[in-house]
There are 2 protein chains.
Amino acid sequence: MSKQDVYTHLADHGIKPSMQRVAIMDFLLRNRIHPTVDVIYSSLSAQYPTLSRMTVYNTLRLLVEQGAVQMLTIDDKQAHYDADITLHAHFRCNCCGAIYDVPAQLLSPVVSPHFEVHETQIYYRGLCTKCKQN
Amino acid sequence: MSKQDVYTHLADHGIKPSMQRVAIMDFLLRNRIHPTVDVIYSSLSAQYPTLSRMTVYNTLRLLVEQGAVQMLTIDDKQAHYDADITLHAHFRCNCCGAIYDVPAQLLSPVVSPHFEVHETQIYYRGLCTKCKQN
DNA sequence: TAAAAAATAATAATCATTATAAAAAATGAG
DNA sequence: CTCATTTTTTATAATGATTATTATTTTTTA
């Protein structure tokens, strides 16, 4: 995953690259931790001191609109973001808040002939290994 | 669905009945529209003028904790609530915001031997019939 | 190179939700 | 039944994620 790959990924989704967009997309591609806006902002602040939290919000909205990233609403407090847009489910630990990828069983895409489905999300919640032990 | 059924439903989940709790549970059982806190509060305000929005929040938290109601995070803006706790999925129209019940295909409950799954949610998003026509 | 457009940043505002504390209602012992 | 204790509800204020607004900077283009 080189910087060039990030440019390609953005271009594939019709997004013009800027320093900030590349940095945010790159962070999401390298850190598959389903970060929040604040995690992204805090992580990039050191390297990009002028970065604004607003730019993180704006960029993520753009990335989601263009289908380069998906937003997870598994956490009722704040949105999480995932650069992996292939079919998979998510597990969130109710104790530590960590979100894990889970292979998704294939679902019939036909919800109803009347509804036009654009997006499918499968969420599991419970306790992760670490938190079960404590 | 009589008032008595509401009392039974609450008792089955270890919840002591109060006028407010019965009213909120009753509303959820009769109105399968996946309402928000505000919809519930507004709908009951006429009949219960002293009802506080806080009581709606508190009661819903209790109902969810006791498993009498499930919270939906399909909408990133605000929580929606569903008295139907049987296995089913949800479809949300991105245009009008309405949330519909969708029969759920059975999912293997085994996410990972390491995770203890307490809850499963399946969300679809897209366009409903009405909004497709416009 | 200058004007126009796009993107970013700083600040303030919004709004769902939570925290806190006071008031009211229910419970229970004597 | 009555007073004290606990529980529930209510009112108010605070929090915090997100959005709106507007100024500034950067990029594009003529």
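Throughout, a chain's letter reflects where its sequence line sits, starting with A, and its residues are numbered from 1. Atom set for the values below is all heavy atoms of this structure, side chains included, hydrogens, waters and symmetry mates excluded.
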Query raised in the report: Can you find a side-chain donor-acceptor pair between A:E116 and A:H118 that sits under 3.5 Å?
Result: yes
Requested in this report: May I ask you to say what A:T36 touches in the nucleic acid, namely base, sugar-phosphate or nothing, with a heavy-atom cut-off under 4.0 Å?
Outcome: nothing
Report task. Quick one: label B:S18 by what it contacts on the DNA or RNA (base, sugar-phosphate, nothing), any heavy atom closer than 4.0 Å. Result -> sugar-phosphate
Query raised in the report: Please give, in whole Å, the distance from D:dT10 P to B:R21 CZ?
Result: 11 Å
Query raised in the report: Can you check whether A:Q20 has a side-chain N or O nearer than 4.0 Å to OP1 or OP2 of C:dA9?
Result: yes
Query - B:I40 CD1 to C:dT17 C1', straight-line distance once rounded to whole Å - result: 14 Å
Query raised in the report: Does D:dA30 have a Watson-Crick or wobble mate here (both distances under 3.5 Å), and if so which one?
Result: C:dT1
Query raised in the report: So with a 6.0 Å cut-off around NZ of A:K130, is the heavy-atom count from everything else above 12?
Result: no
Requested in this report: State whether the number of non-hydrogen atoms from other residues, nucleotides or ligands found under 6.0 Å of A:Y7 atom OH is greater than 12.
Outcome: no
Requested in this report: Measure the distance from CG on A:L44 to P on C:dT8 and round it to the nearest whole Å.
Outcome: 13 Å
Query raised in the report: For the pair made of OH in A:Y41 and P in C:dA10, what is the distance, rounded to whole Å?
Result: 8 Å
Requested in this report: Take atom OH of B:Y48 and atom P of D:dT10, then tell me their distance rounded to the nearest Å.
Outcome: 12 Å
Query raised in the report: Quick one: are the ring centres of B:Y123 and A:Y123 less than 6.0 Å apart?
Result: yes
Query - Whole-Å distance separating the CD atom of A:E65 from the P atom of C:dA7 - result: 12 Å
Query raised in the report: Within the pair B:T55 and D:dT10, is there a side-chain N or O less than 4.0 Å away from OP1 or OP2?
Result: yes
Report task. Examine the side chains of A:R125 and B:T73 and answer whether a donor and an acceptor come within less than 3.5 Å of each other. Result -> yes
Query raised in the report: Centres of the A:F115 and B:Y124 rings: under 6.0 Å?
Result: no
Query raised in the report: What does nucleotides 14-30 of chain D look like as a protein-contact string, B for base, S for sugar-phosphate only, - for none, at under 4.0 angstrom between heavy atoms?
Result: ---SBBB----------
Query raised in the report: Looking at A:D38 and A:R53, does any basic side-chain N land under 4.0 Å from a carboxylate oxygen?
Result: yes
